[in-house]
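Every chain is numbered from 1, with letters handed out A, B, ... down the list of sequences.
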Amino acid sequence: MLVLELTETEKVIKIVDELNKLYKIREFVNKDPYKVLVRTILSQRTRDENTDQATKNLFGKYKNIYEIVDAPTDDVEELIRCSGFYRVKAARIKEVSRILIDQYGGEVPDNLKELVELPGVGRKTANCVLVYAFELPAIPVDTHVHRISNRIGLVNTKTPEQTEVELAKIAPKELWIKLNDLMVQFGQTICKPMSPQCEMCPISDICDYC
DNA sequence: AAAACGGGGGC
DNA sequence: GCCCCAGTTTT
């Protein structure tokens, strides 16, 4: 069988295309920047099911930033308990909310520089806000994106930030917005960290991992 | 019972 | 870069 020789850019296009047949691009909490930010903090080192449940619990009771900043911390902790790391996350959410109200008029900044200055917001979380709330081109690199990109030989990097830089070079900009969400779903269901289900992988023809 | 897991921060 | 943090899931 003829082995296709694709450029890295062509590989990205193919990967997005194939994964897009399998998974839907999700729209997180109606692109409300504050809710996206909170949901993303809740998602840190956490699976989707638990993230979604915690997000529902929290915003089911407290509607916006002003209600959350005044909410009792133990109640917030209880509502988001199912997402794990709930004490840290509750503290971060309340701290960030306070800062946004005090310094940004209750709005979420739409640029990387100001976002990463917020406590509990690193590069991955900030990029998620830019992509999912503001629809700006950014590539949130979590461990799924980092692992998969390296596993299939798309990049050869050591840190997530290096992966972000390399992916930005080879991926067409209009695809950036899809990369994280597709790879996360792929990483949770097929290209898993420990036991990848290579037999049902839609992109095995461009991957020699197995 | 470990070890790993959709990060972030402090040093 | 290394280590710590801290609930949950997987091995």
Side-chain angles (χ1 to χ4, degrees), chain A residues 15-16 19 22-29 35-58 73-100 108-109 112-133 138-152 154-165 167 171 176-198 209:
Chain A
I15 290 165
V16 169
L19 294 185
L22 231 49
Y23 310 106
K24 283 181 63 176
I25 299 286
R26 298 170 290 178
E27 286 191 5
F28 297 107
V29 281
K35 290 185 178 178
V36 171
L37 174 57
V38 170
R39 185 199 183 277
T40 308
I41 290 173
L42 290 173
S43 82
Q44 289 169 358
R45 304 195 64 180
T46 305
R47 290 173 172 73
D48 274 333
E49 315 84 71
N50 297 337
T51 301
D52 291 335
Q53 187 58 52
T55 307
K56 238 179 252 180
N57 291 347
L58 183 60
T73 300
D74 4 342
D75 195 28
V76 173
E77 288 179 355
E78 195 51 40
L79 291 168
I80 67 173
R81 173 183 283 273
C82 61
S83 77
F85 305 105
Y86 57 91
R87 289 198 189 90
V88 179
K89 289 172 180 175
R92 283 178 176 172
I93 289 167
K94 293 208 66 168
E95 198 179 350
V96 166
S97 301
R98 173 49 56 199
I99 293 173
L100 291 179
V108 177
L112 188 66
K113 181 177 178 300
E114 290 181 317
L115 281 168
V116 294
E117 285 174 2
L118 298 169
V121 179
R123 212 179 165 80
K124 181 261 175 180
T125 301
N127 278 332
C128 278
V129 172
L130 294 178
V131 168
Y132 298 127
I139 306 177
V141 176
D142 50 50
T143 56
H144 280 314
V145 176
H146 185 58
R147 178 188 69 255
I148 293 168
S149 299
N150 277 282
R151 183 180 274 174
I152 67 185
L154 204 52
V155 300
N156 183 16
T157 54
K158 197 141 169 47
T159 69
E161 185 166 350
Q162 290 169 10
T163 301
E164 184 188 333
V165 171
L167 286 178
W176 290 14
I177 199 166
K178 296 183 173 184
L179 277 181
N180 175 271
D181 193 26
L182 288 177
M183 283 201 187
V184 166
Q185 296 186 63
F186 182 47
Q188 287 183 156
T189 55
I190 296 177
C191 198
K192 298 179 189 178
M194 320 229 74
S195 47
Q197 319 284 101
C198 296
Y209 179 76

Protein-nucleotide distance (A:Q53, atom CD; C:dT9, atom P), rounded to Å:
13 Å
Roughly, in whole Å, what's the span from CD in A:Q188 to P in B:dC5?
13 Å
Once you round it to whole Å, what is the distance between P of B:dG7 and CZ of A:R45?
6 Å
Given C:dT8, C:dA6, B:dA4, identify the nucleotide with an atom nearest to the side chain of A:V88.
C:dA6
Which part of the nucleic acid does A:N180 contact within heavy-atom distance under 4.0 Å: base, sugar-phosphate only, or nothing?
base
Could you tell me the separation between the CG atom of A:D142 and the C1' atom of B:dG8, rounded to a whole number of Å?
14 Å
What residues from residues 117-130 of chain A pass a heavy-atom cutoff of under 4.0 Å to DNA chain B?
A:L118, A:P119, A:G120, A:V121, A:G122, A:R123, A:K124, A:T125
Of the options B:dA4, C:dT8, B:dG7, whose atoms approach the side-chain atoms of A:R81 most closely?
C:dT8
Return whichever of A:R47 or A:T159 has its heavy-atom-nearest nucleotide of DNA chain C closer to the 5' end.
A:T159
Which part of the nucleic acid, if any, lies within contact of A:P193, taking any heavy atom under 4.0 Å across all strands shown: a base, the sugar-phosphate backbone alone, or nothing?
sugar-phosphate
What integer distance in Å separates A:R147:CZ from B:dG7:P?
10 Å
Touch class at under 4.0 angstrom, heavy-atom based, for A:T143 against every strand present
sugar-phosphate
Mind checking the P distance from C:dT8 to B:dG9? Whole angstroms is fine.
22 Å
Tell me whether the side-chain N/O atoms of A:N50 come closer than 4.0 Å to OP1 or OP2 in B:dC5.
no
With a 4.0 Å cut-off on heavy atoms, is A:S195 in touch with a base, just the backbone sugar-phosphate, or nothing at all?
sugar-phosphate
